[in-house]
Structure formats: structure tokens, C-alpha cells
Peer 1: 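Shown below is the structure under consideration.
When a residue number appears, it is its place in the shown sequence, counting from 1. Remember, it's a predicted structure, so these values are computed and weren't measured experimentally. Counting starts at 1 for both ligands and their atoms, following the listed order.
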Amino acid sequence: MPIRTLDDLDVAGKRVLVRVDYNVPLDDGRITDDTRIRATLPTIQALRERGAAIILVSHLGRPKGKVREELRLAPVAARLGELLGEPVKYARDVVGPEAQAMASSLQPGGVGLLENVRFEPGEEANDPEFARQLASLADCYVNDAFGAAHRAHASTTAVADLLPSAAGLLMQREIAALTKVLESPEHPAALILGGAKVSDKVGVIEHLLDRVDLLLLGGGMANTFLKAEGFPVGRSLVEDDKLDVARATLDRARERGVTVLLPVDVVVAPRLENDAPTRIVPVEQVGDDDAIYDIGPQTVARFAEALRSARTVVWNGPMGVFEVPAFAAGTRGVAEAVASCEGFTLIGGGDSVAAVEQMGLADRVSHISTGGGASLEFLEGKDLPGVAVLRKKE
Ligand code: ADP
Ligand code: MG
């Protein structure tokens, strides 16, 4: 069932409560990356053009239901004002007197930001009374916080049933891209998985295995697969309790005719340090004192070759410990291959997205998901609570 969009809402002259994801990285009160704020500008502009007054609500960090001075949203209101080119009102509470005064003072086209919604214990508890207080500030509700859609919280789910509600443009774009790769991927389709652990990714493999033609495995999780295939892994990160899962996954993939590529060479070191002595070795030759921290150049070349003709690519999880320059080449090589691919390419996952942005390749990818955990759960086939409440009713 499709979701409701801005076209399904009549917002002219109305006050619209807009859930956004302004969970930005802060360093001593300064915003170090404003991507998430910029990502909401299209929805804010669209609502302003339609004559709405906009009341923004977001979480920041994990204050656990208490006011934490360092997690106030004042710096976000200031930055948003700079981006919009006009001041943004800011209330120092979520549903209290300042919030109410701000909501009622907003003129059509005006923009205000409520305080960090997680200062309120009712938020994470999905408390109906708190949701009612939030809803009382506005006439309609728009959810543009895809990154929080996997949480059933008051500002992402309960409030949506209390007001006429719809998805914002960012939410709509995320759902469209993820739905496309799940429901109608062009073939050949490739799934690239990496990152730290198999246990974080089994759900995605399970759900996507029937939909892809190629499965490329790298990163720490590939170690468990290598060990399951009988290769030596030395002191690498391995999940011994997932060896069975790895074997079963490989069997199933082969049964279904999915081509699985595991690393054929790896970068090893005795310890995780940038200046540790590193070696590139074939996977048969990982020593007892070696730990695998990246895929090797031959593996990158094989992965790149496989991706060249792909019409759909889904990538989650870095190929190595890319945070350490000595172990970043594998992730960079695969990122370049994904960027060069002419098919539809999608990258999800907090660290994977950070890696691709850091490497300056993000604008050559079809869709970069802003939701780390949310995009993973979507790829696992879960019905995200924040999305389910926006679905059209029959
Ligand atoms: P994402 O956030 O994109 O979903 P994950 O959180 O699953 O990705 O994994 C990212 C982490 O995996 C990174 O911090 C990276 O250092 C780590 N990692 C990748 N390869 C290895 C490896 N070979 N050994 C240990 N850690 C690894
Ligand atoms: Mg991560």
C-alpha cells in the first residue's frame, strides 16, 4: 500500500508539525556535519510554498527523558536559520509554555523548532498523553525523519494517528529508493556486504538473497565466511557462533545460483595501528599472528569486474577498517567501482555512508540513505513503525 505524501494534505494556512532527524554530530556545541539539516530543506520549502507554518521536532543524542544542556537544539536552530536565510524560532521546551507560545505565534511560511524531543520521557515510551500534547501544537503532521522511522516513539508513530498526516519529501525519496531495490531491482543485481559482524547483517542477507544475482562479501564479517570455508584467519575478528549461519548462507546462495565472491587476498597486520607492518597475502596464507583488516587489491579488482555490468547495486558495510588509512584501500576501491557503475546504486549504513562521503564519491551514487539503522531494517524486510502509520488506508 503506498504512503500518503504532501499532495494528500491540505496545509494552506495550517500549522504543520514536522518530525525531522536533526541528530547531527556536535563538537563542543558546534555542528561538524549539517547534511541532515540540509536534507530537510526541500520539505520545509515545499510546505512554505503551500502557505503552512512549520513546527519542527527532532531528537538529538540520547538524553533519556531528561534535560541535558549540551543536547539542546539551539545550534541547530541557528544553522537552519542560516541555510534558510531567515531566523528560525526556537522553543526551549517541547510541549510546555514556550512551545505553545511559539506554535501560536507562527505566521504562514514561518519556521520554528521545538526543543530536543527526547528530553521528554513520553517520547521513547510512545506515550499517548505526550503524543496528544505534541499534536495539540499543530493541525497536521509530516514525518521527514527516515532515520528515526524504525523507532516506535511518540513523535514518529503515536502522533501520526492523531492528526492528518503524510510523509515528507526526504521520507518519500528514501522509501522509493529502498522499495525499488527490494521489489523491482533490474538484473543483474549485486549485494555488497561488509562491516564488523555477520550477526548485524544476517537479516539483510536472508531477505535479499532471493533478489540478487551476486553476493560480494568483505569487511570483518567475511572472516567468519572464510573460516567456514576452511581458510585460516589467524587472530582476525571472527564470530565462531555464526559459522553455521555462514555455511548455511553459502549453501543457500549456491543452490539458488547466486554468485558469491569472498576475498581472495587480504591486508593483514599484527595489530590495528596505522604504522603496524602490513602485508597483502592470499587468503590461504593468513598466519597465526595475523589479523585481517582489509580486502586486498586482487579482491578489489574481482569485485570491480563483477560490478561493472550490474544494473542494481546495494552496499552496506565497509570492506575494512577504513577509519585507519592503512586499511582504507579496499573500501575506497569498492566505493570507486560502485560510483562508476551505470546501474542504480544504493548505499545504506552509518559507517558505509561516512566512508563514501569522506572519499568524495557520494554524488556519483544513485541513492545515499540518511537512515543508518532504519535503512538496514528496511532491507531486512521489516515494516518500520514510522512508515507503517503513513500508509494509505483502503
Ligand atoms: P555500517 O555502519 O555501514 O552498517 P558496520 O557498523 O556494520 O557498517 O561496520 C562498520 C565497522 O566495521 C567499521 O567501524 C569498521 O572499522 C569495521 N570493520 C570493517 N572491516 C573490519 C575488519 N576486517 N576487522 C574489524 N573491523 C572491521
Ligand atoms: Mg555502523
Peer 1: So which protein residues pack against ligand 1 under 4.0 Å, heavy atoms counted?
Peer 2: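 Residues Gly195, Ala196, Lys201, Gly219, Gly220, Leu237, Ile292, Tyr293, Asn316, Gly317, Pro318, Gly320, Val321, Glu323, Gly349, Gly350, Asp351, Ser352 each place a heavy atom under 4.0 Å from ligand 1, listed by chain and number.
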
Peer 1: Have Ser199 and Lys242 got a donor and an acceptor in their side chains that come within less than 3.5 Å?
Peer 2: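 Note: Ser199 and Lys242 side chains miss the donor-acceptor criterion.
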
Peer 1: Please determine if Asp10 and Arg50 form a salt bridge, counting it only when a charged side-chain N lies under 4.0 Å from a carboxylate O.
Peer 2: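 Answer for the salt bridge query: no.
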
Peer 1: I'd like to know whether Glu98 forms a side-chain contact (heavy atoms from CB on, under 4.5 Å) with Tyr90, so could you lay out the CA-CA distance, the side-chain angles of the two residues, the decisive distance to 0.1 Å, and finally the verdict.
Peer 2: CA-CA 9 Å; Glu98 277 198 35; Tyr90 162 61; over 6 Å; no

Peer 1: If you measure from the Lys or Arg side-chain nitrogens to the Asp or Glu carboxylate oxygens, is any gap between Arg252 and Glu255 under 4.0 Å?
Peer 2: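 Looking at Arg252 and Glu255, the cut-off is not met.
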
Peer 1: As a quick check of understanding, evaluate side-chain contact (heavy atoms from CB on, under 4.5 Å) for Met359 and Thr331, giving each step before the final call.
Peer 2: CA-CA 9 Å; Met359 293 166 181; Thr331 301; 4.1 Å; yes

Peer 1: Does Lys180 qualify as a cation-pi partner of Phe344, given the criterion of NZ or CZ under 6.0 Å from the six-membered ring centre and within 45 degrees of its axis?
Peer 2: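 Because its charged atom sits under 6.0 Å from the ring centre and within 45° of the axis, Lys180 does stack over Phe344.
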
Peer 1: Going by salt bridge (charged side-chain N to carboxylate O under 4.0 Å, His left out), name the pairs with one or both residues in residues 349-365, residues two or more places apart or in two chains.
Peer 2: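 Of all non-adjacent pairs touching residues 349-365, none passes salt bridge (charged side-chain N to carboxylate O under 4.0 Å, His left out).
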
Peer 1: Can you list, by chain and residue number, the protein N, O or S atoms under 2.8 Å from the Mg ion (ligand 2)?
Peer 2: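 Those protein N, O or S atoms (cut-off: under 2.8 Å from the Mg ion (ligand 2)) are Asp351 OD2.
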
Peer 1: Kindly state each residue pair satisfying salt bridge (charged side-chain N to carboxylate O under 4.0 Å, His left out) with at least one member in residues 137-151, sequence neighbours excluded.
Peer 2: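 As it turns out, the salt bridge (charged side-chain N to carboxylate O under 4.0 Å, His left out) pairs with a partner in residues 137-151, which skip direct neighbours, are Arg15-Asp139.
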
Peer 1: Is the closest side-chain donor-acceptor distance between Arg19 and Thr156 under 3.5 Å?
Peer 2: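 The criterion, which ignores hydrogens and geometry beyond distance, is not satisfied for Thr156 and Arg19.
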
